[in-house]
Amino acid sequence: MKVLLLGSGGREHAIARALLADPQVSELFVAPGNPGTAAIATNVSLDPLDGSAVAEWALAHGIDLAVIGPETPLVVGVADVLVAAGIPTFGPSAAAAHLEGSKAFAKEIMAAAGIPTAAAHVCRDLASVRAAMTEFGSPYVIKYDGLAAGKGVVVTADPEAALAHAESCLSLPGSQIVVEDYLDGPEVSLFCISDGETVVPLQPAQDFKRALDGDAGPNTGGMGAYSPLPWAPAGLVDEVVLQVAIPVIREMERRGIPFVGVLYCGLALTSRGTRVIEFNARFGDPETQVVLPRLATPLGSLLLAAAEGRLAEFGELEWRDRAAVTVVVAAEGYPGVSTLGGPVEGIEEAEAREGVHVIHAGTQMTPQGLVASGGRVLSVVGEGADLESARMRVYSGVDLISLHGSHHRRDIAQRAAEGH
Ligand code: AMP
Ligand code: GLY
């Protein structure tokens with residue numbers, strides 16, 4: 001099987017690695033890819049947002065499966081163009097990706113399907129934001145409706161900061177924001193693969209969204225993750241599939257917009273039960289870096305079955321009995337204005353450690369060597385028999401990476417490894 005993967009981040013490097021472990025995958029192209037994917041697959045210089053160019057290239061190269069990594073090409077309809085060209089495609093249509101592209105739409109689907117989530121109001125002016133804040137109380141949760149690369153949400157006890165975020169979001173033409181009730185409790189990310197009808201869950205992971213240790217600092221795209229979750233209730237995956245994923249897939253089907261791809265369920269396990277925080281229409285970054293190395297089932301065959309509507313025949317997934325932890329090495333200033341261009345060193349040394357591999361997220365190869373080109377630069381992954389061993393391994397790798405001014409969290413998976 002010849003596969004074309006769209007995207008250039010850490011998630012795509014991790015997907016590429018997993019696809020190549022599938023003996024059915026004979027050739028892998030990544031557009032545009034990054035220096036990490038260049039080392040294991042063939043990077044192609046194509047704009048992932050240009051659906052017609054991607055389709056033309058895929059047809060000319062006999063691609064059997066296209067996999068769309070990031071949300072932006074999904075939301076602009078690249079899957080629609082590929083499917084219309086007859087290319088089996090893993091990733092939802094623009095209409096289905098609206099589940100991620102608009103938080104107000106996601107709330108509407110959840111209401112229609114009876115899915116437990118935070119109470120919310122969609123607001124288009126500051127007066128209604130103020131009213132919603134008074135209704136829900138502190139901490140305030142203010143969300144930009146559209147895509148914002150993990151930076152559109154502010155959760156704060158400070159009403160001025162909440163209003164300032166609302167104001168900056170509303171200053172964009174035609175924008176709306178969602179103000180919602182605060183959900184307390186640990187967060188879980190669960191990826192559900194769907195062909196539009198059948199739902200196959202992967203194993204859950206936990207992401208660390210805040211920039212600093214102890215969950216302090218601003219929200220980011222994700223600073224680290226681990227899987228499995230030894231503390232999670234035994235029936236969690238079944239519960240989320242039955243109460244959340246299947247109802248969403250059915251509601252989308254009923255509206256004539258079947259969802260083919262990854263339904264990423266971002267959940268809060270509150271004292272009043274499991275609640276949906278958000279949906280994404282793609283694999284999470286950096287959770288993918290810890291979920292896919294644990295999946296023993298060949299990924300290319302699974303994604304092709306989803307793209308071709310054959311998931312019902314696919315059977316149970318198989319998992320490796322091991323734990324994985326990833327730690328993101330971020331550039332100075334991230335998630336604010338990041339200092340880019342600094343040399344990145346120590347990857348080979350880190351990868352020489354047992355159970356450690358390094359995923360490229362925001363790097364670029366220059367004549368002077370590898371440099372940082374994005375806020376999240378690397379995602380170092382450690383694998384081991386349990387979380388404690390995976391954690392020791394990942395940090396032994398992180399400590400060998402050098403990038404001037406970079407920062408990372410030291411507490412990824414710590415509480416889970418300590419058994420609480
Ligand atoms: P989102 O982009 O909707 O996933 O939000 C990003 C992060 O903001 C989430 O992972 C949570 O940590 C936090 N967050 C979002 N909504 C809520 C909520 N209703 N209550 C508490 N925290 C939230
Ligand atoms: N790690 C969160 C996300 O991918 O949206």
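These values consider heavy atoms only, across backbone and side chains, with no hydrogens, waters or symmetry-generated copies.
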Going by salt bridge (Lys or Arg N to Asp or Glu O under 4.0 Å), name the residues that satisfy it together with [X], two or more places apart in sequence or in a different chain.
{"X": "E251", "answer": "R254, R255"}
{"X": "E180", "answer": "K107, K143"}
{"X": "R124", "answer": "none"}

Salt bridge check: are D184 and R272 linked by an N-O gap of less than 4.0 Å? no
Salt bridge present between K103 and E278 (N-O < 4.0 angstrom): yes
Using the ring pair (Phe, Tyr, Trp, His ring centres under 6.0 Å) criterion, which residues pair with [X]? Sequence neighbours excluded.
{"X": "H61", "result": "W57"}
{"X": "H408", "result": "none"}
{"X": "Y395", "result": "none"}

How many angstroms lie between [atom1] in [X] and [atom2] in [Y], if you round to the nearest 0.5 Å?
{"X": "Y182", "Y": "T270", "atom1": "OH", "atom2": "OG1", "answer": "11.0 Å"}
{"X": "S128", "Y": "L126", "atom1": "OG", "atom2": "CG", "answer": "8.0 Å"}
{"X": "L190", "Y": "L202", "atom1": "CG", "atom2": "CG", "answer": "7.5 Å"}
{"X": "H165", "Y": "I177", "atom1": "NE2", "atom2": "CD1", "answer": "7.0 Å"}
{"X": "C123", "Y": "M133", "atom1": "SG", "atom2": "CE", "answer": "10.0 Å"}
{"X": "L183", "Y": "R275", "atom1": "CG", "atom2": "CZ", "answer": "7.5 Å"}

Quick check on E418: does its CD atom have over 12 non-hydrogen neighbours (other residues, nucleotides or ligands) under 6.0 Å away? yes
Is the count of non-hydrogen atoms from other residues, nucleotides or ligands lying under 6.0 Å from E308 atom CD greater than 12? yes
Which heavy atom in [X] sits nearest to a heavy atom in [Y], and how many Å separate them?
{"X": "D207", "Y": "G222", "value": "OD1-CA, 3.5 Å"}
{"X": "Q203", "Y": "P228", "value": "OE1-CB, 4.3 Å"}
{"X": "A205", "Y": "V291", "value": "CB-CG2, 3.8 Å"}
{"X": "A225", "Y": "E287", "value": "CB-CA, 3.9 Å"}
{"X": "P247", "Y": "L242", "value": "CD-O, 3.2 Å"}
{"X": "G224", "Y": "I412", "value": "CA-CD1, 3.8 Å"}

Report yes if some heavy atom in the side chain of [X] is under 4.5 Å from a heavy atom in the side chain of [Y]; otherwise report no.
{"X": "I68", "Y": "L82", "value": "yes"}
{"X": "V248", "Y": "V276", "value": "no"}
{"X": "L304", "Y": "R310", "value": "yes"}
{"X": "V325", "Y": "M392", "value": "no"}
{"X": "P32", "Y": "S45", "value": "no"}
{"X": "L172", "Y": "Y144", "value": "yes"}
{"X": "V81", "Y": "V54", "value": "no"}
{"X": "L302", "Y": "L311", "value": "yes"}

Measure from the side-chain N and O atoms of [X] to the backbone N and O of [Y], and report whether any donor-acceptor pair falls under 3.5 Å.
{"X": "S8", "Y": "G33", "result": "no"}
{"X": "D411", "Y": "Q414", "result": "no"}
{"X": "R250", "Y": "E197", "result": "yes"}
{"X": "S26", "Y": "M1", "result": "yes"}
{"X": "S406", "Y": "A331", "result": "no"}
{"X": "R376", "Y": "A330", "result": "no"}
{"X": "R210", "Y": "G217", "result": "yes"}
{"X": "R393", "Y": "V356", "result": "no"}
{"X": "H13", "Y": "H360", "result": "yes"}
{"X": "T288", "Y": "D285", "result": "no"}

Could you list the residues that satisfy side-chain hydrogen bond (donor to acceptor under 3.5 Å, both in side chains) with D145, not counting sequence neighbours? S102, Q176
Which residues pass the side-chain hydrogen bond (donor to acceptor under 3.5 Å, both in side chains) test with S301, sequence neighbours left out? D22
Yes or no on side-chain contact (heavy atoms from CB on, under 4.5 Å) for V154 and N219, after CA distance, side-chain angles and deciding distance? CA-CA 7 Å; V154 163; N219 264 326; over 6 Å; no
How would you list all residue pairs meeting side-chain hydrogen bond (donor to acceptor under 3.5 Å, both in side chains) that involve residues 30-44, not counting sequence neighbours? T37-N43
Pairwise side-chain hydrogen bond (donor to acceptor under 3.5 Å, both in side chains) hits with a residue in residues 223-239, at least two apart: Q206-Y226, Y226-W231, S227-R294, E239-T274
Residue pairs meeting ring pair (Phe, Tyr, Trp, His ring centres under 6.0 Å), one or both in residues 248-290, sequence neighbours left out, come to F191-Y264, F191-F283
Stepwise side-chain contact (heavy atoms from CB on, under 4.5 Å) test for V377 and T363: CA-CA 6 Å; V377 181; T363 68; 3.9 Å; yes
Worked verdict on L170 versus V129 for side-chain contact (heavy atoms from CB on, under 4.5 Å): CA-CA 10 Å; L170 288 172; V129 171; 4.2 Å; yes
List, one per line, each side-chain donor-acceptor pair under 3.5 Å for residues 89-100, sequence neighbours excluded.
residue	atom	partner	partner atom	Å
T89	OG1	I87	O	2.7
S93	OG	A96	N	3.1
E100	OE1	A281	N	2.7
E100	OE1	R282	NE	3.2
E100	OE2	R282	NE	3.0
E100	OE2	R282	NH2	3.1

Check the pair M252 / I109 against side-chain contact (heavy atoms from CB on, under 4.5 Å), numbers first and verdict last. CA-CA 8 Å; M252 298 296 280; I109 293 290; 3.8 Å; yes
